[in-house]
Number of protein chains: 2
Amino acid sequence: MTKRPTIRDVAALAGVSVATVSRVLSGDYPVAGATRTRVQRAVRELDYVVNAHARALSGTTSKVVALVVREVVSPFYARIAAGVEEQATEAHRLCLVCTTHGDPDRELEVIKLMREQQADAVILVGGVVENADYRERMYRYAQGLEDAGTRLVLCGRPSLGPDFPAISVEYDNAGGAFAATSQLLSGGHRRIAMLAGEPGLTTSDERIDGYRRAMAAFGAPIDPALIRHGWMSHEEGRRHVRELLAGRTAFTAIFAANDQMAAGALMELRAAGLRCPEDVSIIGYDDSPFAQDLWPALNSVHVPLDELGRTAVRLALAKSTGAPSRQQVMLGTHVVIRNSVRPATR
Amino acid sequence: MTKRPTIRDVAALAGVSVATVSRVLSGDYPVAGATRTRVQRAVRELDYVVNAHARALSGTTSKVVALVVREVVSPFYARIAAGVEEQATEAHRLCLVCTTHGDPDRELEVIKLMREQQADAVILVGGVVENADYRERMYRYAQGLEDAGTRLVLCGRPSLGPDFPAISVEYDNAGGAFAATSQLLSGGHRRIAMLAGEPGLTTSDERIDGYRRAMAAFGAPIDPALIRHGWMSHEEGRRHVRELLAGRTAFTAIFAANDQMAAGALMELRAAGLRCPEDVSIIGYDDSPFAQDLWPALNSVHVPLDELGRTAVRLALAKSTGAPSRQQVMLGTHVVIRNSVRPATR
DNA sequence: CTGTTAGCGCTTTCAA
DNA sequence: TTGAAAGCGCTAACAG
């Protein structure tokens, strides 16, 4: 491994000064055509590439966008990540990905790392449990990042208020839940089971909220026994239905807070000899890719995940163009109609 | 936004030299207890974090591992990515993610960026079309990266030979296909349709190879009409089955080169009034998370994707411990048995 | 249009 | 155990 060439090597070979080399490299500076050609040849000859760290150190931005998610293997996060990555690439930024596994300590550590990297933006993705010190913690993060010249973006997670020093990009979570529940209700369903996440998890809580509002709007009574909490997984979806069935709690439809749970519910229903949508209607949330591959294809609330990611990056990088560092935008959601819902017969 | 504090600020506040601060920060150097405490207090007081670029510039490694995938939204890549991210975190490395969308030019650009970043390792993930200049291109990459002190790892993609300056971490792709086909064959199936990817795509080609070998081993004739090529998607899976059915090409089982295609095939079969596994058995590949959520739950070839990712990082970073920079390892695959396969009746 | 030079913030000898 | 000082490779004034 020979030592990698530096800008001085290029300068020497091209017979110019390092400043000149730097100029032709960055492109935005008048340099004589002949000189430029000479430098470019030298660059190619030496197979030279700039040292990003040296460049970042001497002033210019680091050209890095950081994405902080709970898990990498999750269609939900993955689609946001894809949006972030695309937009970052478009803006000539590199994309750092970190996971927290929902651990606040890990989150803290990750944010610190991002400050060290002087990332242009840190995008925090997905729902959280808003416990006691969450707000305060976020506030400290925002502070520290701002000092490092880094924009903080909350993506798919409720804004902490207009005064909070961060950008927030949300989607109409409760609205989607309202629409989904309404679809069931207008089909005549009244006993609608709601499969939700852990209490306190923002994503889930907002979905429950939409469910409640729709029920109220249609004058349908809310039976607490129909609202089920747990880990938002396929397995848990099965468990909820199993217990509902065992407890002889009547229901003609299910609204699941995500598609995994809906798929689990579907499977357990089938195992119990119940058909969907003939006996029970189901509607999920997130419009995961596999929703249309199920049988019956699953109605679900579509969330513009990649748009969420793209918007997060766009807003964060608008810094240069003088956009405010604290703002909130909300993207719409809508129900995708497939084959898992049918009017109530009982 | 106040200027962020530097090591000098900390030194000043703690009343020591920058060298001392640097020492307590890196930890691995004898420093008097009292001094250390003083420095740490100053760090906390100023909310100081090191500048990663400055640190990287002054010699030490950049602590970054780069992951280059085709797409972010793909369970296949996502699971490898998860493994890479985990292991990278464990090794105190940050994880850069880039996508190529299968475009060689973009790949070239990404590799250049990684050289600029002086990443510790660049992990190239997933199958490729090994066309004419692919080898040569890879060789150039490897060269350039080695000069930058960066390890190149080919992950889930065939090694370019033991002399090639890169690490390769593969899985037994053909072996898995052989096992899957064998399962069908030993159930008495002889007319087995193979749903594959574009010709030339390494992943797909190796799976076809395993299929052929198994067919040969069981003395089953290979009907070219049963081997179908295309984009490896759900849609295409449906199309293949539709065309097979329309062309009246007899088959009692399907081996799909990935689970998406298997799911599509399953759906089209059902639409045509055929049952799985009663009428047609299906087996997929990759053991994607949704495979067990289908009805019937799908038999599939399990690929240790996260282990693949972890191994890639582990090997790449073993540099320090003096591991060779060129080696090949292969991880095993196995068939996961669920409910989509049944002995042939016709 | 081009060259000189002073840092950017940190690590790391070499001395003390 | 601590400090002084020389870079790491690049950019950005400031001169010419």
Side-chain angles (χ1 to χ4, degrees), chain A residues 2-40 42-43 46-63 112-113 115-119 147-149, chain B residues 2-40 42-43 46-64 112-113 115-119 147-150:
Chain A
T2 66
K3 190 97 193 63
R4 71 183 271 178
T6 76
I7 198 173
R8 318 179 80 99
D9 300 319
V10 178
L13 182 56
V16 297
S17 73
V18 292
T20 302
V21 176
S22 174
R23 281 165 191 142
V24 350
L25 255 36
S26 46
D28 53 357
Y29 202 92
V31 174
T35 316
R36 152 165 292 118
T37 318
R38 210 133 37 80
V39 170
Q40 287 169 335
V43 165
L46 294 170
D47 192 21
Y48 166 84
V49 292
V50 297
N51 180 323
H53 301 299
R55 176 173 278 181
L57 184 56
S58 57
T60 346
T61 160
S62 79
K63 301 283 191 190
K112 182 178 161 222
L113 286 171
R115 287 217 277 154
E116 297 183 357
Q117 294 294 328
Q118 315 209 87
D147 289 354
Chain B
T2 64
K3 193 95 191 60
R4 71 183 271 179
T6 76
I7 198 173
R8 316 180 80 97
D9 299 319
V10 177
L13 182 57
V16 297
S17 73
V18 293
T20 304
V21 176
S22 173
R23 282 164 191 144
V24 350
L25 255 35
S26 46
D28 53 358
Y29 201 91
V31 174
T35 316
R36 152 166 290 121
T37 317
R38 210 131 40 80
V39 170
Q40 287 168 335
V43 165
L46 295 170
D47 193 21
Y48 166 84
V49 292
V50 296
N51 180 323
H53 301 300
R55 175 172 281 181
L57 184 55
S58 54
T60 348
T61 161
S62 78
K63 300 283 189 188
V64 167
K112 181 177 162 224
L113 286 172
R115 286 218 276 154
E116 296 183 357
Q117 294 294 326
Q118 316 210 87
D147 288 355
T150 299

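First the proteins, then the strands, lettered A, B, ... as listed; each starts at 1.
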Which part of the nucleic acid, if any, lies within reach of [X] when heavy atoms closer than 4.0 Å are counted: base, sugar-phosphate only, or nothing?
X	answer
T35(A)	sugar-phosphate
S22(B)	base
V21(B)	nothing
A32(A)	sugar-phosphate

Which nucleotide sits closest to the side chain of [X]: [options]?
X	options	value
L57(B)	dC10(D), dC10(C), dG9(D)	dG9(D)
S58(A)	dG7(C), dC8(D), dG3(C)	dG7(C)
R23(B)	dA12(D), dA4(D), dG9(C)	dA4(D)
R55(A)	dT11(D), dC1(C), dG9(C)	dT11(D)
I7(B)	dC10(C), dT1(D), dT2(D)	dC10(C)
A19(A)	dA13(D), dT11(C), dG3(D)	dA13(D)

What is the separation between atom [atom1] on [X] and atom [atom2] on [N], rounded to the nearest whole Å?
X	N	atom1	atom2	answer
Y48(B)	dG9(C)	OH	P	10 Å
Q117(B)	dC10(D)	CD	P	13 Å
R8(A)	dC10(D)	CZ	P	10 Å
H53(B)	dG7(C)	NE2	C1'	17 Å
D28(B)	dT11(C)	CG	C1'	11 Å
R115(A)	dG9(C)	CZ	P	15 Å
Y29(B)	dG3(D)	OH	P	12 Å

Is any side-chain heavy atom of [X] less than 4.5 Å from a side-chain heavy atom of [Y]?
X	Y	result
R115(A)	D47(B)	yes
R4(A)	Q118(B)	yes
L25(B)	V43(B)	yes

>> Please give me the minimum heavy-atom distance between S62(A) and Q117(A), naming the atom from each residue.
In response: OG-O, 3.5 Å
> Minimum heavy-atom separation for I7(B) to S22(B), with atom names?
Replying inline: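 So the minimum-distance heavy-atom pair works out to CD1-N, 3.7 Å.
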>> If you assign G15(B) and A54(B) each to the DNA chain D nucleotide with the nearest heavy atom, which residue ends up on the more 5' nucleotide?
In response: G15(B)
> Between S17(A) and dG3(C), is there a side-chain N or O to OP1/OP2 distance below 4.0 Å?
Replying inline: yes
